[in-house]
2 protein chains.
Amino acid sequence: MSDDNFDLAQFLPYLLNQAAEASSLEFQQIYKDRYGMLRTEWRVLFHLGLYGRMTASEIGARANMHKTKISRAVQKLTERRFVTRARDDADRRVEHLALTVQGQAAYADLHQVARRYDGDLTADLSSTERAALKKMLLKLSVKRPAGFT
Amino acid sequence: MSDDNFDLAQFLPYLLNQAAEASSLEFQQIYKDRYGMLRTEWRVLFHLGLYGRMTASEIGARANMHKTKISRAVQKLTERRFVTRARDDADRRVEHLALTVQGQAAYADLHQVARRYDGDLTADLSSTERAALKKMLLKLSVKRPAGFT
DNA sequence: TTGTAATAGTTGTTTTTGTAACTAACAAGC
DNA sequence: GCTTGTTAGTTACAAAAACAACTATTACAA
């Protein structure tokens, strides 16, 4: 039935999904086991850990996450005392989010895990390959193939 | 708050997820618009289109999809007359799945789209880069970083 | 001002997924 | 034959995601 050289394992979106899923699996297990976190929650935690105080919208813009996802993630994180919310005085619609001490500890822990994990994943790549891979992925994260119909 | 060279945009699982999501978006829109398909359904369709008659388990093994996902996808696809099921005579637990004429038409259509789409996505890569990228992704799709705790 | 639109974030409802329990068929040992 | 275990696939229920509608606040223009 296969008539030409096309293969699912050559189709970039499929490949990317497979690789993303496989490579996230164990790390996901870790933050779930240790802190009962969901993917969205882990992401918010890391954004705050890496970039400091941010608003929900800013996180959403950076992470390409819908605001409802973030809203619920923040809710969980505040319940668990990982994150604090503070209303902006000038514009009372916006909330500034920041990690608590507990949140920072969790972040520091997972941060370390992530570093090691990433190292493991790319262990058999040369540093040139590694850089090239990440550069290409970064490009693909932004790019939308123009005017496709 | 960021203390070293680690960045989310350098963390492979995150990067892969972002790239996978971004690169799937438009294609997803197409199979959804044209055939009302979900990701799982599209995958099953492609497996049958590419590799011919298969059982649900075989698809699951190849695509790394849980059997319930496949079961539901197959149900939808048979309702829409894209797929037929045939019990195996020797082992009546097993069902052989195959595309109907309609299913083949849909597959042929989406197959073409996928080819063009993939080409567009990788348009600004040299063929060497493209091959390297896909090779690395394929590796990552299989690999589980050994014994991580 | 005041009316309209825009923005930040939340809540409610529907889809989709994940997980576990289930049925049916086969296999292998006794 | 019967038990016990395994495999193929389905179904039921719980968790998570997607989507739309909502509140509250600000912006801005007539």
Side-chain angles (χ1 to χ4, degrees), chain A residues 17-18 20-22 24-26 28-29 31-33 35-45 47-48 53-80 83-98, chain B residues 17-18 20-22 24-26 28-29 31-33 35-45 47-48 53-80 83-98:
Chain A
N17 268 292
Q18 295 291 120
E21 229 172 274
S24 301
L25 220 87
E26 291 212 30
Q28 182 172 15
Q29 201 54 48
Y31 59 70
K32 184 182 165 194
D33 286 353
Y35 302 102
M37 279 186 197
L38 257 33
R39 208 217 301 274
T40 47
E41 293 157 30
W42 162 76
R43 284 189 178 180
V44 168
L45 186 90
H47 276 264
L48 295 175
R53 199 172 80 145
M54 292 180 86
T55 70
S57 305
E58 286 165 352
I59 297 176
R62 249 197 221 254
N64 252 89
M65 272 167 66
H66 192 75
K67 54 186 181 172
T68 61
K69 262 192 186 173
I70 296 173
S71 174
R72 278 166 177 140
V74 168
Q75 198 180 318
K76 279 275 160 69
L77 289 171
T78 51
E79 277 170 18
R80 283 168 198 167
V83 164
T84 54
R85 334 165 81 127
R87 283 244 165 267
D88 185 286
D89 290 324
D91 185 342
R92 285 181 321 180
R93 288 170 303 184
V94 327
E95 261 184 356
H96 298 284
L97 307 168
Chain B
N17 268 292
Q18 295 291 117
E21 229 172 274
S24 301
L25 219 85
E26 291 211 30
Q28 182 171 17
Q29 201 53 49
Y31 61 67
K32 185 182 164 193
D33 285 353
Y35 303 102
M37 279 187 198
L38 257 32
R39 206 216 299 274
T40 46
E41 293 157 31
W42 161 77
R43 285 189 179 180
V44 169
L45 186 90
H47 276 263
L48 295 175
R53 198 173 82 145
M54 292 179 86
T55 71
S57 305
E58 286 165 352
I59 297 176
R62 247 196 222 254
N64 251 88
M65 272 167 67
H66 192 75
K67 55 186 181 172
T68 60
K69 262 192 186 173
I70 295 173
S71 174
R72 280 161 180 148
V74 169
Q75 198 179 318
K76 279 275 161 68
L77 288 170
T78 50
E79 277 170 18
R80 283 169 197 164
V83 164
T84 54
R85 335 165 81 126
R87 283 244 165 265
D88 185 286
D89 290 325
D91 184 343
R92 283 180 323 176
R93 290 171 302 182
V94 174
E95 260 184 358
H96 298 283
L97 307 168

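The sequence lines fix the lettering, A, B, ..., with proteins before strands; numbering per chain opens at 1. Computed from a predicted model, the values in this text were never measured in an experiment.
- For the pair A/Ser71 and C/dG9, the criterion of a side-chain N or O lying under 4.0 Å from OP1 or OP2 is not met.
- Annotation: of the two residues near DNA chain D, B/Lys67 and A/His66, the 5′-most nearest-nucleotide partner is B/Lys67.
- B/Thr78 places a side-chain N or O within 3.5 Å of a backbone atom of B/Val74 that can act as its donor or acceptor partner.
- Not counting sequence neighbours, the partners of B/Arg93 by the salt bridge (Lys or Arg N to Asp or Glu O under 4.0 Å) test are B/Asp91.
- If you check every strand for non-hydrogen atoms under 4.0 Å, A/Arg85 touches sugar and phosphate atoms only.
- Taking B/Asp88 as the reference, nothing meets the salt bridge (Lys or Arg N to Asp or Glu O under 4.0 Å) condition, with sequence neighbours excluded.
- Protein atom CG of B/Asn17 is 14 Å distant from nucleotide atom C1' of D/dA17, rounded to whole Å.
- When the P atom of C/dA8 is taken as reference, atom CZ of A/Arg87 falls 12 Å away, rounded to whole Å.
- For the pair B/Asp89 CG and C/dA25 P, the interatomic distance rounds to 14 Å; values are reported in whole Å.
- Applying the 4.0 Å criterion to OP1 and OP2 of D/dG9, one finds that B/Ser57 has a side-chain N or O inside that range.
- Atom CD of A/Gln75 is separated from atom P of D/dA17 by 14 Å (rounded to the nearest Å).
- Every residue two or more places apart in sequence or in another chain was checked for a side-chain hydrogen bond (donor to acceptor under 3.5 Å, both in side chains) with A/Gln28, and none qualifies.
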Which side-chain N or O atoms in residues 35-42 of chain A pair as donor and acceptor under 3.5 Å with protein atoms at least two apart or in another chain?
| unit_1 | atom_1 | unit_2 | atom_2 | d |
| --- | --- | --- | --- | --- |
| A/Tyr35 | OH | A/Asp109 | OD2 | 2.4 |
| A/Glu41 | OE1 | A/Leu38 | N | 3.3 |
| A/Glu41 | OE1 | A/Arg80 | NH1 | 3.2 |

Contact list (N/O, under 3.5 angstrom) for nucleotides 23-25 of chain D vs protein:
| unit_1 | atom_1 | unit_2 | atom_2 | d |
| --- | --- | --- | --- | --- |
| D/dT25 | O2 | A/Arg93 | NH1 | 3.2 |

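- Contacts of A/Arg62 classified as salt bridge (Lys or Arg N to Asp or Glu O under 4.0 Å), with partners at least two apart in sequence or in another chain: none.
- Applying the side-chain contact (heavy atoms from CB on, under 4.5 Å) criterion to A/Glu58, with sequence neighbours excluded, gives A/Met54, A/Thr55.
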Name the pairs: protein N/O against N/O of nucleotides 12-16 of chain C, kept only if under 3.5 Å.
| unit_1 | atom_1 | unit_2 | atom_2 | d |
| --- | --- | --- | --- | --- |
| C/dG12 | N7 | A/Arg72 | NH2 | 2.9 |
| C/dG12 | O6 | A/Arg72 | NH1 | 2.9 |
| C/dG12 | O6 | A/Arg72 | NH2 | 2.9 |

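- In terms of modelled atom types and a separation under 3.5 Å, the side chain of A/Arg53 and the main chain of A/Ala98 share no donor-acceptor contact.
- Checking C/dG9, D/dT10, D/dA17 against every side-chain atom of B/Glu95, the shortest atom distance belongs to D/dT10.
- OP1 or OP2 of D/dA18 lies within a sub-4.0 Å distance of a side-chain N or O belonging to A/Lys69.
- Partners of B/His66 by side-chain contact (heavy atoms from CB on, under 4.5 Å), not counting sequence neighbours, listed by chain and number: B/Thr68.
- Between the CD atom of A/Glu41 and the P atom of D/dA15 there is a distance of 14 Å, given to the nearest Å.
- Atom CD1 in B/Ile70 sits about 12 Å away from atom P in C/dG18, given to the nearest Å.
- Between A/Arg39 and A/Asp88, it is A/Arg39 whose nearest contact on DNA chain D lies nearer the 5' terminus.
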